Each structure stands twice: as structure tokens, then as C-alpha cells.
2 protein chains.
Amino acid sequence: MSLDRATMDERVPRDFETLRATILDRRESLPKRIAQIAAYALDNPDDIAFGTAASIAASAGVQPSTLIRFAQQLGFDGFTSLQQVFRERLRERNSSYDERLLALRAKAEGGAGHRAIFDGFVAAASTSLNDISRTLDETHLEDAISLLAKAETIYVLAKRRSYPVATYIAYALGKLKIRNQLIESAAGLNAEMIAFATPADAVIAISFSPYAPATIEEARAISERGVPIVAITDSSFSPLAQFARVWFEVAEADFAGFRSLSATMALAMALTVGVGEKRRDSGRKRKA
Amino acid sequence: MSLDRATMDERVPRDFETLRATILDRRESLPKRIAQIAAYALDNPDDIAFGTAASIAASAGVQPSTLIRFAQQLGFDGFTSLQQVFRERLRERNSSYDERLLALRAKAEGGAGHRAIFDGFVAAASTSLNDISRTLDETHLEDAISLLAKAETIYVLAKRRSYPVATYIAYALGKLKIRNQLIESAAGLNAEMIAFATPADAVIAISFSPYAPATIEEARAISERGVPIVAITDSSFSPLAQFARVWFEVAEADFAGFRSLSATMALAMALTVGVGEKRRDSGRKRKA
DNA sequence: GGGAATATGAAATAATAATTCCAATCCATA
DNA sequence: TATGGATTGGAATTATTATTTCATATTCCC
């Protein structure tokens with residue numbers, strides 16, 4: 001009976017996500033001006049974190065007192081404690097991209113737990129994506145897609161660490177109804193498989209140091225038959241590069257001895273979908 | 001003759017990097033207490049951004065007046081304007097990551113070229129990594145690793161879109177000399193393969209909506225034999241979740257109809273390497 | 001349409017925080 | 001070691017900012 005709001009009401013949201021959820025939840029039932037400041041808060045969280053009650057109120061087009069009522073309605077005892085939540089968010093969202101990576105990597109290297117391992121792989125993947133995004137050569141991409149789009153059958157060649165990428169390419173090509181053939185080693189019939197390839201086909205070959213000898217050998221064999229190769233590899237000294245018509249240099253970061261595949265995956269998907277689009281377009285053109 | 005400091009001195013550093021450089025540059029020539037607060041500022045920039053002059057001074061072990069002198073020595077007219085620089089830094093930092101993603105995604109959606117496709121996949125991968133990094137449940141990770149580390153043989157079960165992850169897990173487990181078996185569908189001997197599994201083994205199963213019927217069916221069969229399952233899937237309604245001892249919810253962003261695998265890959269690698277570490281540790285303990 | 005409950009605006013007040021000032025201390029140099 | 005200048009500590013002062021209060025407006029329900 002004598003329990004007041006603060007005691008009987010829900011707990012005060014202590015982190016931004018909870019706060020956000022609470023606000024969205026109550027949106028309908030809030031008075032006009034309070035709703036106005038609520039919307040402003042979610043749209044401009046940085047302003048709430050740094051501004052003064054007066055400046056924020058002015059930007060949102062309300063009175064400072066309304067801002068304080070808003071905070072109280074959420075269970076805080078004033079604007080200041082509401083603001084803390086917005087500031088905490090900025091601290092934790094520790095996130096210049098680079099700094100977040102550094103933090104992740106530091107945690108991964110310093111920390112001992114399994115979470116640290118996970119962070120390490122996330123950091124490696126992010127770094128790789130970042131790198132390739134900066135360095136990818138657009139003309140190479142166009143060239144590779146043109147080349148592959150003309151192929152009757154696309155052969156996909158990769159072993160060991162790169163094999164997952166090959167299977168994903170094969171999956172995606174299949175989905176897009178593009179004829180393709182994964183050169184697998186299980187049955188030992190690779191040589192025969194390669195013998196079917198003609199210069200009207202094309203190959204996507206993927207290999208990173210230490211280059212799987214089988215990949216190199218098969219790439220050589222297939223290039224000698226005049227089949228054009230698009231290679232994804234990690235340096236210009238790669239043996240794959242010398243057989244390739246077009247090749248991409250992808251630097252993958254590693255963690256705990258395992259390199260990320262994220263950049264290679266992104267490139268592989270871009271090639272695949274790019275070929276799909278190109279075929280659709282030229283199909284349309286031919287009909288038109 | 002009548003030119004005062006503010007007029008004749010160097011420009012006031014307006015951005016954090018310049019400020020940082022300025023401080024580092026003068027480090028040697030600063031008086032003791034000022035140097036103390038300078039070091040503190042570079043080490044704890046967030047505290048400067050959010051704290052009050054008094055609280056910061058206390059943390060750094062100096063008087064508030066020293067803090068103000070420090071600001072003035074750098075050319076600011078007081079602590080407040082120095083603080084602005086630290087706040088600005090946080091603002092820009094935050095937006096940079098999100099804005100970069102937004103920019104990428106905008107280019108990907110707006111742009112027509114093949115580069116746009118590539119950007120789309122990079123953005124999808126980054127988003128996924130970001131999400132999983134926030135949402136991953138650490139206790140699940142520990143539970144899953146413990147469970148898998150005890151297994152005699154780890155079975156890996158995934159089809160179609162998830163298959164690349166399975167092959168990478170199998171590759172990595174092999175590298176770490178952990179006995180494992182990829183449940184492949186090629187030869188149609190899956191049922192027999194599953195029949196070898198015992199409760200002393202464990203399974204990593206991966207499936208996303210639309211769930212490959214074979215994966216679900218095999219997961220059911222193997223769980224009925226009492227073999228514990230660690231599942232990676234995309235929602236609590238996933239049929240995989242009901243068979244699993246531990247399961248992870250991974251939300252992958254998609255682009256052009258193909259979902260990213262980057263988050264799943266990172267998690268898969270963390271599990272794999274985590275198991276490797278756990279086994280090494282307990283092996284050591286047993287010997288000791 | 002009238003009246004109570006609720007919401008809002010604006011200014012007064014209280015709290016908090018930045019800045020200044022001055023005495024005390026430290027340090028280099030003669 | 002004495003002396004002047006620079007540096008520092010701590011309290012007084014000033015400025016800024018949050019909060020409260022109260023009068024007014026709006027809304028909702030009977």
C-alpha cells in the first residue's frame with residue numbers, strides 16, 4: 001500500500017539494450033512530449049550521452065523538465081542516471097573498428113578462456129575482410145567474372161584448407177543452375193575428370209601456402225589443356241599464379257594456427273553471384 | 001609584444017590524434033604533475049571524456065587545478081574544451097564502424113557493378129561477425145567444448161549450405177589429431193556410419209532454415225542412440241535444437257540470397273581449437 | 001460540456017562542477 | 001646555501017547545470 005513506484009515497479013534498465021526495449025515497449029502509452037524525447041533519445045543516443053539537459057531538451061524541442069520526467073518515468077531518479085546508461089554504451093561499444101579489433105585481439109591473446117579463442121577467430125575474420133575490402137582489384141574481378149561467365153562448365157579445384165570454399169562455390173553455382181564440377185580427390189579419378197575439360201570451360205582454383213601439391217599438379221595439367229584458370233591465392237610467388245589467366249591475392253589473418261576463410265569466402269561468393277548475374281543479363285540481351 | 005599565448009602559440013589541437021601527437025611530443029618538457037595527468041589522459045581517454053574535473057583529477061592523483069593547467073598548457077582555455085576533443089573522438093569512433101557498414105551496404109544495394117556484389121558479401125560477413133560477437137553465450141561455449149572434449153570420436157553432421165563448415169571442422173580436427181568422422185552422404189552409407197556412434201562419442205551438427213531433411217533425420221537417429229549433440233542453428237524453433245544437448249543460435253546476414261558463413265565458421269573454429277586445448281590440458285593433468 | 005487527472009512550460013532554486021587565487025613547496029642556479 | 005622562478009595544493013569563487021515548483025494547458029471520462 002505504501003510501496004512507491006521505485007520500489008514496486010520494474011527494475012531500472014541498467015544497460016542500453018534493455019532501456020531501448022523498455023522504451024519501445026511503452027512507446028504507445030507515453031504522453032506526447034515524453035514520446036518526443038524518447039524518440040529523440042533512441043535516434044541520437046550520442047547526444048544524450050554528451051549533452052546537458054538543457055541542450056538536449058532544446059535539440060529535441062522540449063523543456064528540460066520534460067527530459068527529467070522522461071527519465072523518472074523509466075525509473076531513474078533523474079536525468080543524470082539516465083545519462084549514465086547512454087555513456088556506458090559508448091564506453092562498451094568500444095568501437096572504432098580498429099580499436100575494437102585491437103581489443104578483441106588483446107582479449108584473445110591475453111585471456112585464457114575459450115571465449116578468448118572465439119574472439120581471436122572473430123578478430124582474424126574481421127581483419128581479413130577489412131584487408132580484402134581495401135585491396136581487391138576491381139578490374140581483376142570484372143575479368144574473372146567475364147571469363148567464368150563464358151565457360152560451359154566451371155571446374156572448382158581446391159584441397160585441404162581451401163576445400164570448404166570449393167564446396168560452397170559448388171553449392172552456390174548449383175543453386176544458380178550453373179554447370180559446375182568439383183574436382184574431388186576421394187575416388188582418385190581426378191586425372192580423368194580433368195581430361196574432360198576443354199578450353200571452352202574454366203577453372204576456379206584456390207590454394208594457399210603451403211600449397212597442396214595435388215592442387216598445383218592438377219592446375220598445371222588443366223592449364224596445359226588450354227583451360228583458363230581463375231586463381232585465388234596468397235602471393236604473387238604462388239605456383240598457382242603462373243598458371244592463372246586472372247588471379248587474386250588474398251591475405252587471410254590467422255589465429256591459433258588456423259587461417260580465416262572469411263575473405264576468400266566473400267570473394268568466392270562475389271565471383272559466383274557475379275557470374276550468375278552476368279549470365280542472366282547476357283541471356284536477356286540475346287533474347288532481346 | 002602584446003601577443004598573448006593563444007594568439008602566438010601553435011593552433012589548439014582540434015582532434016584527438018593531433019592532441020595525442022602534441023602530448024607525446026612535449027612529454028619530456030612537462031612538469032611532473034602535468035606529465036602525470038598527460039599520461040593518464042592518453043591511457044584513459046574514456047575517463048577524460050566522461051568524468052568531471054574532480055573525479056579525473058582524483059583518479060590520476062592530482063589536483064583539479066593541475067588538470068586545468070594541463071589543458072591550458074595545450075592551448076585550450078580550460079578543461080571543458082579539452083574534454084570536447086575526447087568526446088568528439090568517441091562520437092566519431094562509434095559512427096565509423098556502423099557508417100562503414102552502412103556505406104558498404106548502400107553501395108552494394110545501390111551500385112550495379114560487380115564490386116557492389118562483393119561489397120555486399122563483405123558487409124554481410126562483417127555484420128554476422130559483429131552480431132555473434134555480441135550475442136554468443138559463453139557458458140554454452142564452455143559446455144559444448146567440455147562435452148566434445150570427452151568424446152572418443154567427434155561426428156560432424158551438415159549438408160548443403162552448412163557443408164563447407166563441416167569440411168573445415170573435419171580438416172581442423174584432423175590437424176589437431178582429434179578423431180573425427182564427417183557424415184557424408186555421397187555413398188549413401190550414412191545410416192551405417194551413424195550406427196557406429198556410441199554415447200561415448202559426440203556430434204557437431206549444423207543446419208539452418210530451411211533445414212536439410214537428411215540432417216534432421218540423422219540427428220534424430222543419432223540422438224536416439226544416446227550420443228550427445230552440439231548444434232549450431234538459427235533459432236530456438238529449429239528442429240535441431242530439440243535433439244541437442246547444447247545449441248548455439250547464430251544469425252547470419254545474407255546477401256543476394258546467400259547467407260554468410262563467417263559467424264558460423266568462427267564459432268566452429270573456436271569449438272574445434274577449444275577442444276584441442278582442453279584435451280592438451282587434461283592430458284597434462286593426468287600425467288602430472 | 002464540466003471536472004478531475006494528467007501533462008506541459010517556464011522560471012526559481014539547489015546542486016554540482018569548473019575555474020581562480022594565493023600560499024606553500026620545489027628546484028635550479030649563482 | 002640563499003634567491004628567484006616555476007610548480008603545486010587546497011580552498012574560495014564563479015559558472016554551469018540539474019532539479020523542483022507552480023501556474024497553465026490539455027486530455028479523458030462521466
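For clarity, every value in this text was computed on a predicted model and none was experimentally measured. Quick note on labels: first sequence line is chain A, next is B, and so on, each numbered from 1.
Between R33(B) atom CZ and dG10(D) atom P there is a gap of 10 Å when expressed in whole angstrom units. Remark: P of dT17(D) and CG of L82(A) are 18 Å apart, rounded to the nearest angstrom. Distance CD1 (I48(A)) to P (dA18(D)): 11 Å, rounded to an integer number of Å. Atom CD1 in I37(B) sits about 15 Å away from atom C1' in dT7(D), given to the nearest Å. Atom pair Q83(A):CD and dT16(D):C1' shows a separation of 14 Å (rounding to whole Å applied). Distance, I56(B) CD1 to dA17(C) C1': 11 Å, rounded to whole Å. Between the C1' atom of dA7(C) and the CZ atom of R26(A) lies a distance of 17 Å, rounded to the nearest Å. Nucleotide dG9(D) holds its P atom 8 Å from the CD atom of Q36(B), rounded to whole Å.
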Nucleotides 19-30 of chain D: protein proximity per nucleotide (B base, S sugar-phosphate only, - neither; heavy atom, under 4.0 Å): BBB---------
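Note: Y168(A) and F258(B) have perpendicular aromatic rings, judged against thresholds of 30 and 60 degrees for the angle between ring planes. Ring pair F86(A)/F16(A) is perpendicular by interplanar angle, where above 60° counts as perpendicular and below 30° as parallel.
Taking a cutoff of 4.0 Å between a charged side-chain nitrogen and a carboxylate oxygen, R89(A) and D46(A) qualify as a salt bridge.
Looking at residues two or more places apart in sequence or on another chain, you find a side chain to side chain contact (heavy atoms under 4.5 Å, CB included) between E88(B) and R91(B), E92(B).
For T66(B) and dT7(D), the shortest distance from a side-chain N or O to OP1 or OP2 is not below 4.0 Å. Remark: Q63(A) is in phosphate contact with dA10(C), judged by side-chain N or O atoms under 4.0 Å from OP1 or OP2.
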Verdict with supporting geometry, V246(B) and I229(B), side-chain contact (heavy atoms from CB on, under 4.5 Å): CA-CA 7 Å; V246(B) 183; I229(B) 297 180; over 6 Å; no
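Among E252(B), R161(B), R259(B), the one residue that satisfies the side-chain hydrogen bond (donor to acceptor under 3.5 Å, both in side chains) test with T264(B) is E252(B).
A ring pair (Phe, Tyr, Trp, His ring centres under 6.0 Å) check over residues 61-82 of chain A, counting only residues at least two apart or in different chains, returns nothing.
Looking at heavy-atom distances under 4.0 Å, I34(B) makes contact with sugar-phosphate atoms alone, never a base.
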